[in-house]
Structure formats: C-alpha cells, structure tokens
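Down below is the structure, laid out as structure tokens.
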Protein chains: 2
Amino acid sequence: MARVKLQDVAKLAGVSVTTVSRVLNNRGYLSKQTINKVHQAMEELNYRPNAVARQLYKQRTDLVGLVFPTVNNPFFGQLEAELETRLYELGYRVVMGNSQNNPGKEEQYLQLLFNGQIDGLIVGAHNEGIEAYHNTNLPIVSIERIVSKQIPVVAADNYQGGCLATQRLLDAGCQHIIHTNYPATLATPNQERRRGYEELMTKYGREKLTYEISFDLPDDQKAAVFDRLFAEHPECDGIFADNDTNARLAINAAQKAGKRVPEDVKVIGYDGASSTRLLFPDLTTIQQPIPEMAQAAVDLLQKRLAGQAVESVTLPVKLIPGLTG
Amino acid sequence: MARVKLQDVAKLAGVSVTTVSRVLNNRGYLSKQTINKVHQAMEELNYRPNAVARQLYKQRTDLVGLVFPTVNNPFFGQLEAELETRLYELGYRVVMGNSQNNPGKEEQYLQLLFNGQIDGLIVGAHNEGIEAYHNTNLPIVSIERIVSKQIPVVAADNYQGGCLATQRLLDAGCQHIIHTNYPATLATPNQERRRGYEELMTKYGREKLTYEISFDLPDDQKAAVFDRLFAEHPECDGIFADNDTNARLAINAAQKAGKRVPEDVKVIGYDGASSTRLLFPDLTTIQQPIPEMAQAAVDLLQKRLAGQAVESVTLPVKLIPGLTG
DNA sequence: TACTTTGTGTCAACCGCATGACATACAAGA
DNA sequence: TCTTGTATGTCATGCGGTTGACACAAAGTA
C-alpha cells in the first residue's frame, strides 16, 4: 500500500494535480464544487500531504530544537514544558535534546540547524568551545548560558538573586555563609549570583567561600561535596545553594552532621520550580520566573527567525520565604 | 548566500555530482584522491547535506515523537529523559509533545506520523477516543496507557504495586485506608493498582474507598480534594496515593487537618522518580522501574519499526520504605 | 461588443539528494 | 589479447508537493 499522493487525489476527484494543490493551499480561483470534490476525494483516500516534501520546497520544517542538560530536573522540566506549550501555539514542534554527560551531543543538535532539519534552537546547555556558535545571525537563543557574543541570552537577574539570598542569611544572623556554584571557569550568568554573594559578604566583613559543584555530577558525588563541606567547616551556619536540589543535599548533609535546620544551619536554594515547590514547600528559595523566561526566549527566537536584531533580556527574581532559611 | 548544495561541491572539486554523492554515501569505486578532493571542497564550502531532501528520498526522518501529559513532572520528566538518551544512541532524535490541557494536541502529534514527519511514536497521554489509533501495525508504543488493542503497552506491575502499598498500610495497623486514582472510566493499567487495593481491602474485611482525581487538574484543585477527603473522613488513617505528588498533597492536607504523619495518618505514594526521591526522600512509595520501562518501550518500538510483531511488557515494582507510611 | 473576472487545465521547473543504467578509460592479470 | 576490476562521467528518474506561466472557456460587466 503505497502512500497516497496528490496525483491519486487528483485522479479520483477528476481534476488536475495543480487544482488539488490549489485547494490545499487555498490559492487562485476555485469553485465550491471542485473544492468539495477534492475534499471528498482526500477523505475517501485518507490523504495526508507529505510534510517532508513540503518542507523541502518551503525550506523550513517548523521544528525548533531545545538543548538543555536534562529534562529530568524540576527547573529544566518546567522550562521545557513552558517552551513547548508556547512554541506549539505558534505552529512549531519541538525537538528535545538532553546534553548532559555527552559533550558531543550539543554539537550534534546544532548540526540539525545547519542540516535544515530544524529552523531554530533554544539552548541552555553548557558545553564550551563549540565553534559553530560563532556565526552571526544564527536563529539561536540561549537561556541562562553565554554561548557566544552573537547569541542573545535570556536570564533571570542572578546578581539580584545572589544579593537577596545572602542578605536574608545575614539578616538572620548567620556568621559563616557558604555558597555553592558552578566552577568559575564556566561562562554563565549564574556567576552573577556568586558576585552578589561575594559583594555582600565583603561589605559585611565576612569571609566568603564558594564550593564549586559541577551540574553534571551524579547526585551521590554532589552529596559527598556537602559532607566534605560540613567536615571542613563545622562553623558553617548558612548555605546559599545555587539550586534547589543542592539545597536539599545540603540539608541532608547538615542533618547527617548533627546539625538542625534552620536552628543551626540555614539553607536557601535557587530556582523555585513548580514541582520543587510542591514536593518541598518548606524550602526557602530564590524563584526564577520560568514562564516569563520561556516567553521571552520564544519572543526572541521569533524575531531572530524573522531576521530582526535582538537584545538579551534579564528578568527579576523573587525570594520565597520558607522554613529552612 | 544561497545554501551550498551538492552541485557546488562537485564544481569546486572538479568532479560530477554523482561522484560527490558516492563519496557521501560510500558507494561504488572511489580513489583516495577524489575522496580527498571532495572532502576538501566540502570543508571549504562548509557543506552540510540537506537532511530534508535526504528524508524525502529515504522516506524516513529518524524522528520519534514522545507524547505525554507534561514533561514538568518527576515521573514523565525522568521517563522522557531516559527515552531520549536511548533513542539518541540509536540515531533517532525526539519530538516532544505535552498534551496536558489540550485535547487536540495528542491527535496533532499523531498526525505527524501520518504526515511522514516522524517515524514512530511513544505515547503516555490519555485522551480518549482517538480514532486514528485503531489502525494495525502503526509504529506506536504506549507506556502505562491503553490506547487501542493493536498498540503494545509497557507498564509496571500495577496490581503488584497496589497490593504492596495496601498490604504495608494494613500491616502497620491502618483501619481506614483511602486510595486515590484516575477516574475509573479511564482505560489505563493504573486501574490495576485500584484492583490490588480493593481486593486486599475486601480480603481483610475493610471498607474500600477511592477518591478520583484527574491527572490534569491544577494542583490547588487536587489539594482541595484532599481537604475534602479529610473533612468527609476524619477517621482516615491511611492513604495510598496514585502518585508521589498526590502523596505530598495528602500529607499537606492531613497536617492542615491537624493530623500527624505518620502517627495519625500513614501515606504511601507511587512512582519513586529520581527527583522525587531527591527532594522528598522520607516518602514511602512504590517505585516504578523507569529506566527499564524506557528501555522496553524503545525495544518494542524498534521491533515495530522493523515490522515485527510485539507483545506488551510488564515490569516489577518495588516498595521503598520511608517515614511517611 | 469588448473587456474583466472566475474557474480549471497543461506544462515545466524546482526544492536537494539518491540511484540505477550505461558508457568510457585505464590498469592488472590470465 | 581478452577479461576483470577500478575509477569516473553522463543522463534520467524519483521522492511528493509547490508554483509560475500560459491557455482557454464561461460568465459577468461596461
């Protein structure tokens, strides 16, 4: 059973292929009668226009790639869901790529763009030194990652977030606040959180200390970092974690070390994704405006696809008070 | 700057288009010299073969659709991440569709299959009455959902899960155990959990009661159901929730109603996804073997794509003891 | 009547690549 | 010398749909 094609429809309807195509694309002059005949024939044959053939001619696939470390994470999960919803409504379908633990993968997804297999790309992955990004006018938008000068970034106000969290811990009387973040070598707006933290610590005359935890580490190794943290710094009475799952690990480690949260150690997380809020509502955290970030990224991508110049966007964050810090 | 195509490469390399195609696809006889010439020309022009043109000829896109309610959920997030990882290694890219709160969407994604835009589909969405599923030999696999007789299902052993959870609550001395599940009208293997619960309750001479909670409900409305539950049944001392987020909501509602967990009410959840375990490690839950389920689904889909007949698969679940029940 | 609008057909080219058929040329081996 | 293998080229066709150019006829309008 070979695929039904335009020809078959045309033959059954007793019209020319061109006419069927006209009906399909609503071009030129058409009588109600032929329109009906054609529709009837399409129905009878259960005709579906071949999308790939159309894509070849149109030079667009209406597919957008999303490349993030992993969708199995409250923040990226929510972000990608929000992105998909919005892109769907604009007529785009979404190709999902999880680049975590596979350095080549991000570049592979980038190739889809050069292949013509996708029209645009939204990236939040953080593999460094991918040459192909350094091209002007690529229809790419990044979220919370700096990939190249030519690519606009959507970010929440990380500096503000760093200040909010640190200030709250200071106000609560914490003397020895430790921060966790990505390795400083990684170019991400995330580092601004660290800057906020460090500036405030300096201003208050406190010693600043950041433990670096790579995002791609397996959970048990991340947990080990926190165990080490409390072993090396038993005086620590405040933790500003760079994301909510790390905050959770910090709390686990603190309790394991015989400390009460928040009495002995206060912990503040980061992200405030919906499923984290649901599962761990007591966590004090800095919430990123995930729906707005998704919207901004989609807006930028649309403009980019239309060939317009765009600027990076920064959105405000919000402190959500909880019981942990 | 029009796209570089085969012709351009051929011209620069001083060979015929056919020869370039031969190099690209490694067909026929080729001298090292021409291979080098061609590669050099491709490099110089930064040539990328057009994927869509290839797809049109090959009649395949190496794209697989994933349609689930939402990726913004610990269970589906992990599942889709596992699926993507495995499919990627087989050379497939993944199109993600979140069908929650949009009944037409699932069918739209199904159309991609008939369009020729994707080669196969893995579905876990639960919109009912989609005609197009009732077609034989479609390259579709479903996970934890019954969509039609012809489509193989990958499921965890829900009956076993229902029994494990109920038995644990009974053993702990609970007298009034309430279960939550999807509406009974929804055809999903999920209903087997209910069967396990009900059979055991009957066997022990207890009254069985299931509160029906649609998955698509917003969280606050789900929470309201649990508030109602404790209002209507203050005697309730055990909850077997059909997923972990509902378990969390049950715990919240219980505490709001002045009950201690687990002293007054014991709560057991379902799913045991990795991020849930991380954020809420104290929750007692029935864990589904998500990686194995993903693997099974991919295996089935591969066979299906190869035109082989396949059988549904059921995998065992595991009780993870925690502090809540 | 002459002109315009409407409705449909034919034909060809194109989107970019793959491939089969066939021809040609040169080398090595029987 | 005749075959066989190696190395390319030309040509045409197909994948399925879109589009422009052009022709032609019928109906409406000036």
Side-chain angles (χ1 to χ4, degrees), chain A residues 1-42 45-63 111-119, chain B residues 1-42 45-63 111-119:
Chain A
M1 56 159 220
R3 282 191 63 87
V4 181
K5 44 179 168 171
L6 267 190
Q7 276 187 34
D8 306 314
V9 177
K11 202 185 296 172
L12 182 62
V15 298
S16 71
V17 182
T18 306
T19 301
V20 178
S21 176
R22 280 182 186 132
V23 172
L24 231 53
N25 298 287
N26 212 5
R27 278 189 324 129
Y29 297 115
L30 290 166
S31 70
K32 285 239 182 309
Q33 209 192 1
T34 33
I35 293 181
N36 286 339
K37 266 195 306 185
V38 169
H39 278 143
Q40 212 173 310
M42 294 199 299
L45 295 171
N46 196 24
Y47 171 75
R48 306 287 156 197
N50 183 308
V52 175
R54 211 172 231 168
Q55 287 170 7
L56 179 58
Y57 185 87
K58 299 275 190 190
Q59 299 290 333
R60 51 180 290 182
T61 58
D62 294 326
L63 247 33
Q111 288 303 325
L112 295 187
L113 191 60
F114 300 126
N115 268 347
Q117 217 176 146
I118 58 180
D119 295 343
Chain B
M1 54 158 216
R3 282 191 63 84
V4 181
K5 46 179 166 173
L6 269 189
Q7 275 187 35
D8 306 314
V9 177
K11 201 184 297 173
L12 182 62
V15 297
S16 73
V17 182
T18 306
T19 300
V20 179
S21 177
R22 281 183 186 130
V23 172
L24 230 52
N25 298 287
N26 212 4
R27 280 190 321 129
Y29 298 116
L30 290 165
S31 69
K32 286 240 182 309
Q33 208 191 2
T34 33
I35 293 180
N36 286 340
K37 265 195 307 188
V38 170
H39 278 143
Q40 210 173 311
M42 293 198 300
L45 295 172
N46 196 23
Y47 170 75
R48 305 287 156 198
N50 182 308
V52 175
R54 214 172 229 170
Q55 288 170 6
L56 180 58
Y57 184 85
K58 299 274 191 193
Q59 300 288 352
R60 50 179 293 179
T61 58
D62 295 327
L63 247 33
Q111 288 303 327
L112 296 186
L113 192 60
F114 300 128
N115 267 348
Q117 218 176 145
I118 59 179
D119 295 343

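Every chain is numbered from 1 and lettered A, B, ... according to where its sequence line falls, protein lines coming before strand lines. Treat the numbers as computed from the prediction; the structure is a model and nothing was measured.
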- request: Assess whether atom CD of A:Gln7 is packed by more than 12 heavy atoms of other residues, nucleotides or ligands within 6.0 Å.
  value: no
I'd like a table of atom pairs between the protein and nucleotides 25-30 of chain D - only N or O on both sides, under 3.5 Å - with the distance next to each one.
none

CG-CG distance between B:Leu56 and A:Leu56, expressed to the nearest 0.5 angstrom: 6.0 Å
task: Do nucleotides 16-30 of chain C as a string where each nucleotide becomes B, S or -: B if the base has a protein heavy atom under 4.0 Å, S if just the sugar-phosphate does, - if no protein is that close.
output: BSBBS----------
Qualifying salt bridge (charged side-chain N to carboxylate O under 4.0 Å, His left out) pairs with a residue from residues 25-40 of chain A, counting only residues at least two apart or across chains: none
Give every donor-acceptor pair under 3.5 Å between a side-chain atom in residues 17-25 of chain B and any protein atom, sequence neighbours left out.
{"from": "B:Thr19", "atom 1": "OG1", "to": "B:Ser16", "atom 2": "OG", "distance (Å)": "3.1"}
{"from": "B:Ser21", "atom 1": "OG", "to": "B:Asn25", "atom 2": "ND2", "distance (Å)": "3.4"}
{"from": "B:Asn25", "atom 1": "ND2", "to": "B:Ser21", "atom 2": "O", "distance (Å)": "2.9"}

- request: Drop me the distance from A:Leu63's CG to B:Thr61's OG1, to the nearest 0.5 angstrom.
  value: 9.0 Å
query: How is A:Ser31 classified with respect to the nucleic acid when contacts are heavy atoms under 4.0 Å: base, sugar-phosphate, or nothing?
result: sugar-phosphate
query: What distance separates A:Leu113 CG from A:Ile118 CD1, expressed to the nearest 0.5 Å?
result: 5.0 Å
- line: Residues at least two apart in sequence or cross-chain that pass salt bridge (Lys or Arg N to Asp or Glu O under 4.0 Å) with A:Asp8, listed by chain then number, are none
- line: Output for pair (A:Leu45 CG, A:Lys11 NZ), nearest 0.5 Å, gives 10.0 Å
task: Would you kindly give the CG-to-C1' distance between A:Asn26 and C:dG7, to the nearest whole Å?
output: 14 Å
Pairs involving residues 47-56 of chain B, ordered by first then second residue, that meet side-chain hydrogen bond (donor to acceptor under 3.5 Å, both in side chains) (sequence neighbours left out): A:Gln117-B:Gln55, B:Asn46-B:Arg48
- line: Interatomic distance, CD1@B:Ile35 vs CG@B:Leu30, rounded to 0.5 Å, equals 5.0 Å
field: side chain to side chain contact (heavy atoms under 4.5 Å, CB included) involving B:Asp62 - partner list, sequence neighbours excluded
entry: B:Arg60, B:Tyr92, B:Asp119
query: Whole-Å distance between C:dG9 P and A:Lys11 NZ?
result: 15 Å
message: Just N and O in the side chain of B:Ser16: are any of them under 4.0 Å from OP1 or OP2 of D:dT8?
response: no
Check the interface with nucleotides 3-6 of chain D: list each N/O to N/O pair with the protein under 3.5 Å, or write none.
{"from": "D:dT6", "atom 1": "OP2", "to": "B:Tyr29", "atom 2": "OH", "distance (Å)": "2.9"}

Atom CD of B:Gln40 with >12 non-hydrogen neighbours under 6.0 angstrom: no
- request: Compute the angle between the rotation axes at the two ends of the helix from C:dT1-D:dA30 to C:dA30-D:dT1, each taken over five pairs, rounded to 10 degrees.
  value: 40°
